[in-house]
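Each remark here refers to the structure printed beneath this line.
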Amino acid sequence: MAAAKIAKKAPRTVAEDIVATLKKHDAFSKIDIAGPGFINLTVTDDFLAAHLKTIAADPRCGVPETGEGTVVVDYGGPNVAKALHVGHLRSSIIGDSVCRLMKFSGYHVLGDIHLGDWGTQMGMVISELQRRQPDLPHFDRDYTGPYPAEPVITLATLEEIYPAASAACKADEERMALARMATKELQDGRAGYRALWRDFLTVSTEGMKKNFAALGISFDVWKGESSVQDLIPPMVEELTHSGHAIKDQGAIIIPIEKNDDKKEVPPLILVKSDGAAMYSTTDLATIKDRMAAYAPDKIVYVIDQRQSLHIEQVFRAARLAGYAPENEVDLIFAGFGTMNGTDGKPFKTRAGGVLKLEDLIETGREKARARMEEAHVAEDMDAAEKEDIAQKIAVAALKFADLQNQRQSDYVFDIDRMTAFEGKTGPYLLYQAVRIKSLLRKANHIDSREAFVLTDIDRDLALLLTELPEVIEAALSHYAPHYLCDYAYRLAQSFSGFYNRCHILSEENDALRESRLALCAMTVRVLELTLSLLGIKIPDRM
RNA sequence: GUCCCCGUAGCUCAGCAGGAUAGAGCGCAGGAUUCCUAAUCCUGAGGUCGUGGGUUCGAAUCCCGCCGGGGACGCCA
């Protein structure tokens with residue numbers, strides 16, 4: 001139809017010409033022109049069977065390796081000293097999936113957690129701690145060290161202090177001033193503050209690693225805002241010298257408006273009027289750092305949609321300063337929507353607080369355990385093996401519930417739906433895969449790659465298996481894992497219907513039985529691959 | 001005030017580089033298990049795609065206005 005527009009011919013005429021050519025090929029058993037000019041093609045069983053055989057023999061299931069070059073993915077971004085809560089789920093699991101997808105596609109991927117460890121929140125915690133424990137040597141300016149080797153604070157205390165400090169600063173301008181001052185002094189290298197900061201980092205990183213491990217999320221690089229601290233003074237100097245940065249109202253800013261702007265674009269603040277760096281400073285320096293260290297072809301930011309203006313400012317400044325030349329690197333903002341409660345406002349627990357990530361995961365595990373017991377699954381296994389299955393089910397539920405939403409739109413967080421096991425859920429997908437595994441075990445099936453014999457019952461599933469490459473391409477080009485979710489679900493659903501319509505093991509026709517087993521084997525492979533790109537693992541039984 | 005996002009079934013969401021009768025899950029009504037894992041499957045009811053214009057042979061999809069909701073807008077991240 002699009003061709004008709006270009007050719008300036010009636011769509012049906014064009015369709016007829018195309019059909020005439022296609023008829024010369026023997027891949028199609030039926031070619032129809034429908035409606036205003038749609039061409040409906042039906043591939044022959046032989047063609048489809050041969051194609052299946054090809055992708056069955058391919059370790060990549062027919063997906064080409066299209067990625068080239070290095071890409072840095074900036075995701076996770078948890079703040080040091082702050083407990084990981086459900087709000088961190090999105091960035092982490094979307095970013096993780098994007099990394100997996102890009103790695104699979106052939107890119108050299110560096111996933112960077114980019115910790116929030118250099119901003120005012122650090123000063124807030126330091127000044128709050130000073131109120132509570134003024135006797136710590138860290139606050140004594142005359143103290144020359146050494147500071148205790150072991151952290152002087154526990155994770156639990158830190159996680160309690162942070163929200164308290166944050167609230168106090170918000171409510172009280174004086175407290176805020178203290179926090180800013182502490183931030184500035186920390187950045188300037190005050191020894192006691194640095195020692196405290198080191199403790200915060202040690203303690204919270206430990207907690208994060210535990211949480212991320214539970215979710216099966218890993219990062220290639222554990223850098224953060226503070227990683228570029230040494231680059232900041234020379235960068236400011238350089239930008240001031242080159243004229244890109246100017247003094248304004250006591251601060252140093254980079255004006256970034258363009259002549260053809262149709263909207264107001266506020267300048268990027270490079271240095272605050274108190275001399276401290278802020279996240280725009282570290283983000284800009286981080287681009288410089290990444291270019292120097294990795295020379296990436298792309299930098300992808302998987303961060304909150306609400307930061308789009310900030311990130312645009314950083315991108316513009318980086319282009320202007322020449323830190324990220326357009327012909328060298330793509331700067332991509334893959335923003336995600338807010339996680340809201342059922343009331344449409346940003347999610348809070350009933351008590352008004354945040355829901356900690358580990359509590360959410362535990363809720364999922366509990367439900368999984370209960371369900372397993374009810375269904376008498378894995379009763380012969382030991383506790384550790386059972387727990388492993390419960391863990392996989394919980395993680396599948398959580399990740400799939402989140403990832404199936406379109407990345408950029410807000411979504412409603414509902415813990416009951418998030419940990420549901422029926423319908424369009426992670427556990428449903430696992431369940432279908434597990435049924436196939438069980439079937440293949442019973443059949444003692446070795447991947448024989450026999451010729452496929454396709455009947456009407458097999459056809460839908462077979463056709464769906466050939467769709468994988470275009471699904472991956474869509475997910476990749478949009479940095480959008482939900483395309484994978486949609487496909488995995490359609491595949492699982494199609495399999496389930498197939499499984500219901502024919503009894504495979506008792507099929508008397510040997511060739512058909514073998515073909516169906518091969519189709520099942522292919523299905524579980526594709527499912528496993530698709531889910532692996534979502535960061536979801538399949539147990540052997542459930 | 002400027003800018004961005006969203007508005008699709010009772011609820012939660014897909015679909016939006018224009019295309020055929022707008023899909024899914026949950027919920028609701030009904031049905032399926034002597035057989036490979038029922039965390040399943042099948043059937044049904046349920047929609048002025050917020051609204052009014054425009055572009056087009058054709059609009060949920062693109063453009064403009066309006067209404068409603070959310071968000072961002074120099075020294076928090």
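Numbers restart at 1 for each chain; the letters A, B, ... are given by sequence-line order, proteins then strands. What you see is a predicted model; the values in this text were computed from it and never measured.
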What's the [atom1]-[atom2] distance between [X] and [N], to the nearest Å?
X	N	atom1	atom2	value
A/E470	B/A17	CD	P	15 Å
A/H482	B/A24	NE2	C1'	13 Å
A/K184	B/C75	NZ	C1'	13 Å
A/H503	B/A38	NE2	C1'	14 Å
A/F400	B/A24	CZ	P	15 Å
A/M339	B/C5	CE	P	22 Å
A/W118	B/A77	CH2	P	13 Å
A/Y483	B/C13	OH	C1'	14 Å

Pick base, sugar-phosphate or nothing for [X], based on heavy-atom distances below 4.0 Å to the nucleic acid.
X	value
A/S438	base
A/A375	nothing
A/N40	base
A/M122	nothing
A/M542	base
A/C520	nothing
A/R180	sugar-phosphate
A/E225	sugar-phosphate
A/Q493	sugar-phosphate
A/I393	base

Rounded distance in Å between the [atom1] positions of [N] and [M]:
N	M	atom1	answer
B/C16	B/C49	C1'	11 Å
B/G1	B/G10	P	34 Å
B/A24	B/A14	P	16 Å
B/G25	B/C66	P	39 Å
B/U21	B/U12	P	29 Å
B/A60	B/C3	C1'	25 Å
B/G7	B/C62	P	10 Å
B/U43	B/A72	C1'	48 Å

Grab the N/O contacts between the protein and nucleotides 6-12 of chain B below 3.5 Å, and write none if there aren't any.
residue	atom	partner	partner atom	Å
B/U12	O2'	A/R417	NH1	2.8

Among the nucleotides [options], which one has an atom lying closest to any side-chain atom of [X]?
X	options	result
A/S496	B/C3, B/C41, B/A24	B/C41
A/D486	B/A14, B/A38, B/U2	B/A14
A/Y499	B/C36, B/C3, B/A77	B/C36

So do the side chains of A/S496 and A/Y428 get within less than 4.5 Å of each other, counting heavy atoms only? yes
Does the side chain of A/L270 reach to within under 4.5 Å of the side chain of A/V236, using non-hydrogen atoms? yes
Within the modelled atom types, does a donor on one side and an acceptor on the other bring the side chain of A/S273 and the base of B/C75 under 3.5 Å apart? yes
Nearest non-hydrogen partners of [X] and [Y], listed with the distance:
X	Y	result
A/V80	A/Y162	O-CE1, 3.9 Å
A/D410	A/T338	OD1-N, 2.8 Å
A/G364	A/A394	C-CB, 3.5 Å
A/P78	A/L84	CB-CD2, 3.6 Å

Please figure out whether A/H478 or A/K424 has its closest RNA chain B nucleotide nearer the 5' end. A/H478
Residue met sooner reading RNA chain B from 5', once A/R407 and A/Q432 are mapped to nucleotides: A/R407
Is atom CD of A/E379 surrounded by more than 12 heavy atoms (other residues, nucleotides or ligands) closer than 6.0 Å? yes
Students often mix this up, so state it plainly: with edges at 30° and 60°, are the rings of A/W197 and A/W118 parallel, tilted or perpendicular? perpendicular
Centroid-centroid under 6.0 Å between A/F315 and A/Y301 rings: yes
Quick one: does any side-chain atom of [X] pair with a main-chain N or O of [Y] as donor and acceptor, under 3.5 Å?
X	Y	answer
A/R407	A/H478	yes
A/T425	A/F421	yes
A/T523	A/L519	yes
A/D117	A/S226	yes
A/Q408	A/G337	no
A/E507	A/L512	no

Going by the glycosidic torsion and a 90 degree boundary from 0, is the base of B/G74 oriented syn or anti? syn
When you compare the protein's N or O atoms with those of nucleotides 66-74 of chain B, which come within less than 3.5 Å of each other, and at what distance?
residue	atom	partner	partner atom	Å
B/G74	O6	A/D248	OD2	3.1

Is the shortest side-chain N/O distance from A/K272 to OP1 or OP2 of B/C76 below 4.0 Å? yes
Does a side-chain N or O of A/H114 approach OP1 or OP2 of B/A77 to a distance below 4.0 Å, or not? no
What does the 5'-to-3' dot-bracket notation of RNA chain B look like when only Watson-Crick and G-U wobble pairs under 3.5 Å count, and pairs to other strands show as |? (((((((..((((.....[...)))).(((((.......))))).....(((((..]....))))))))))))....
